[in-house]
Q: 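This is the structure I want to talk about, given as C-alpha cells.
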Amino acid sequence: MMASVCCWTLLVAVAASQTTSSSGRDPPVNPTVRCWCASYPNMTFCSWPEPPHSPSQPVRYVASYTERHRPSVTKQCQLMSSNSSSSSSSPEKLWHCPLRDLKLLTDYMINVTTLYDGGSSSHLSSFMLEDIVKPDPPVDIKVSPHNVRAVLMEWSAPPTWTHMDIVPLKYQIMYQWDVKGTTKSVNLGPLENTSVELKGLIPGRTYLFRVCARELLGLGQCSRWSSPVTVTLPKKKL
C-alpha cells in the first residue's frame, strides 16, 4: 500500500482555511493536501508533506472527511507517516490518510487540522472521486527486439488496481531516443491490450520505453510513467 501512497496526483480544490492562535506566535504553514484514487472506486488516499516549522513548536494532525451535502456525518482518518525517498540528509516527512467507503458521483470535503502549542489551523479541501482517479504505474515492462526495425513491448496492469474485470484500464506508450543531443519522442495510444509491436525503428539506435495506465473511460488522469526500459536495436546485417 505504501508504494501507492508515494505517488501524488491532482491537487484538490481548496475550499477554506482557518487559523486560531492564542500564543502570539506565527502558526505553522497549512499543509498542501493532495488526494488520489489508486483503484477506482475503493482505494483513495489523501497525503501531504509536513510543512517546515520551528523545532520548539511541535505539531500534530487530525483529519476527517464528510460528504459536502451531509456535513453532520463525519469520518475520522487513521493517519500514517513515512519519510520520502530522497537523497537529502533530512528526508521530507509525509502524512497519509486512507479514505474508506466513498460513494460515486459525490462531493467530499476533507478537513486537516494542524494542532500546535497555543492554537490550531484548519485546511478544508473538496473533491469528487471521479476527478482524482490515478492508477499506479504498470509493472513488469519488457521490450524484446523482433527484428532490426521492430520491438515487442509487454507489461502488466498495476497490482493495486483491484477491479480489472469491471473497471478496465487503457494504456499510453511513449518511446524516446537522442539525435545529436536532442531528445525525440513518440506517444501512442490509448491501447486496451498489454502488449504492442512497435515498428519502423532504426537499427543500431538506443530507445527508452515507458507506459502509463488510465481508467478505460478516461476518468481522472494517467498514472506516472512506468520505470523506463532501454533497448538498443541490433544493427542490420550486411
Side-chain angles (χ1 to χ4, degrees), residues 1-11 32 34-40 43-45 47 49 82-89 91-92 94 96 132-164 167-237:
M1 178 183 294
M2 296 308 296
S4 65
V5 297
C6 291
C7 47
W8 294 351
T9 184
L10 186 67
L11 177 61
T32 300
R34 298 174 183 267
C35 298
W36 74 101
C37 177
S39 183
Y40 184 74
M43 189 183 289
T44 302
F45 301 91
S47 184
S82 67
N83 290 328
S84 63
S85 54
S86 171
S87 58
S88 170
S89 58
E92 188 177 56
L94 303 177
H96 316 292
I132 61 169
V133 175
K134 186 174 185 179
D136 286 331
V139 297
D140 301 329
I141 316 301
K142 299 176 183 177
V143 181
S144 307
H146 250 196
N147 55 51
V148 293
R149 298 186 63 85
V151 298
L152 177 65
M153 186 174 179
E154 303 171 282
W155 60 91
S156 298
T160 49
W161 192 266
T162 55
H163 294 291
M164 282 292 294
V167 188
L169 293 172
K170 59 184 177 182
Y171 303 94
Q172 195 81 23
I173 307 299
M174 178 173 67
Y175 61 94
Q176 299 174 308
W177 66 96
D178 287 335
V179 178
K180 296 181 179 179
T182 300
T183 299
K184 306 288 185 178
S185 64
V186 171
N187 283 269
L188 299 174
L191 309 170
E192 295 184 31
N193 295 329
T194 55
S195 65
V196 62
E197 185 179 16
L198 303 174
K199 301 179 180 180
L201 306 182
I202 304 299
R205 177 172 286 172
T206 299
Y207 292 88
L208 183 148
F209 301 87
R210 288 184 286 194
V211 57
C212 72
R214 187 170 188 175
E215 192 274 334
L216 181 63
L217 299 180
L219 296 179
Q221 57 182 291
C222 223
S223 70
R224 291 181 292 112
W225 288 107
S226 66
S227 299
V229 173
T230 302
V231 172
T232 300
L233 269 66
K235 292 184 178 180
K236 188 175 182 179
K237 294 180 179 180

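Sequential numbering from 1 along the given sequence is applied to the chain's residues. Only a predicted model underlies this, so the values are computations on that prediction, with no experimental measurement involved.
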Q: Please answer whether the main-chain N or O of Val167 pairs with a side-chain N or O of Trp161 as donor and acceptor at a distance below 3.5 Å.
A: yes

Q: Distance from Cys212 atom SG to Asp136 atom CG, nearest 0.5 Å?
A: 12.5 Å

Q: When you look at CD of Glu197, are more than 12 heavy atoms from neighbouring residues, nucleotides or ligands closer to it than 6.0 Å?
A: yes

Q: Show every side-chain hydrogen bond (donor to acceptor under 3.5 Å, both in side chains) that has at least one partner inside residues 207-217, sequence neighbours left out.
A: Gln176-Arg210

Q: Can you check whether Met174 reaches Val186 side chain to side chain, under 4.5 Å on heavy atoms?
A: no

Q: Would you say that Pro159 contacts Val139 through its side chain, given a criterion of any heavy-atom pair below 4.5 Å between the two side chains?
A: yes

Q: Is the closest side-chain heavy-atom distance between Leu201 and Tyr175 below 4.5 Å?
A: yes

Q: So, taking the atom named CG in Leu191 and the one named CE in Met153, what distance separates them when rounded to the nearest 0.5 Å?
A: 9.5 Å

Q: Rounded to the nearest 0.5 Å, how far does CZ of Arg34 lie from CD1 of Ile132?
A: 12.5 Å

Q: Are any side-chain N or O atoms of Gln172 and backbone N or O atoms of Ala213, one a donor and one an acceptor, separated by less than 3.5 Å?
A: no

Q: If you round to the nearest 0.5 Å, how far is CH2 of Trp155 from OG of Ser195?
A: 6.0 Å

Q: If you take all heavy atoms of Met43 and Thr160, which pair is closest and at what distance?
A: CE-O, 3.6 Å

Q: Taking all heavy atoms of Leu94 and all of His96, pick out the closest pair and write down the distance.
A: CB-CE1, 3.6 Å

Q: Which value, rounded to the nearest 0.5 Å, describes the distance between Asp178 atom CG and Lys180 atom NZ?
A: 13.0 Å

Q: Please examine the side chains of Pro145 and Pro234, heavy atoms only from C-beta on, and report whether any two atoms are closer than 4.5 Å.
A: yes

Q: Just by distance, do the side chain of Ser226 and the backbone of Pro138 share a donor-acceptor pair under 3.5 Å?
A: no

Q: Are Glu192 and Pro168 side-chain neighbours, meaning at least one heavy-atom pair lies under 4.5 Å?
A: no

Q: Nearest 0.5 Å, please: how far is CG in Leu217 from CG in Leu169?
A: 11.0 Å

Q: Could you give me the CA-CA distance, side-chain angles and deciding distance for Arg205 and Leu233, then say whether side chain to side chain contact (heavy atoms under 4.5 Å, CB included) is met?
A: CA-CA 6 Å; Arg205 177 172 286 172; Leu233 269 66; 5.9 Å; no

Q: Tell me, do Ile173 and Phe209 make a side-chain contact under 4.5 Å, heavy atoms counted?
A: no

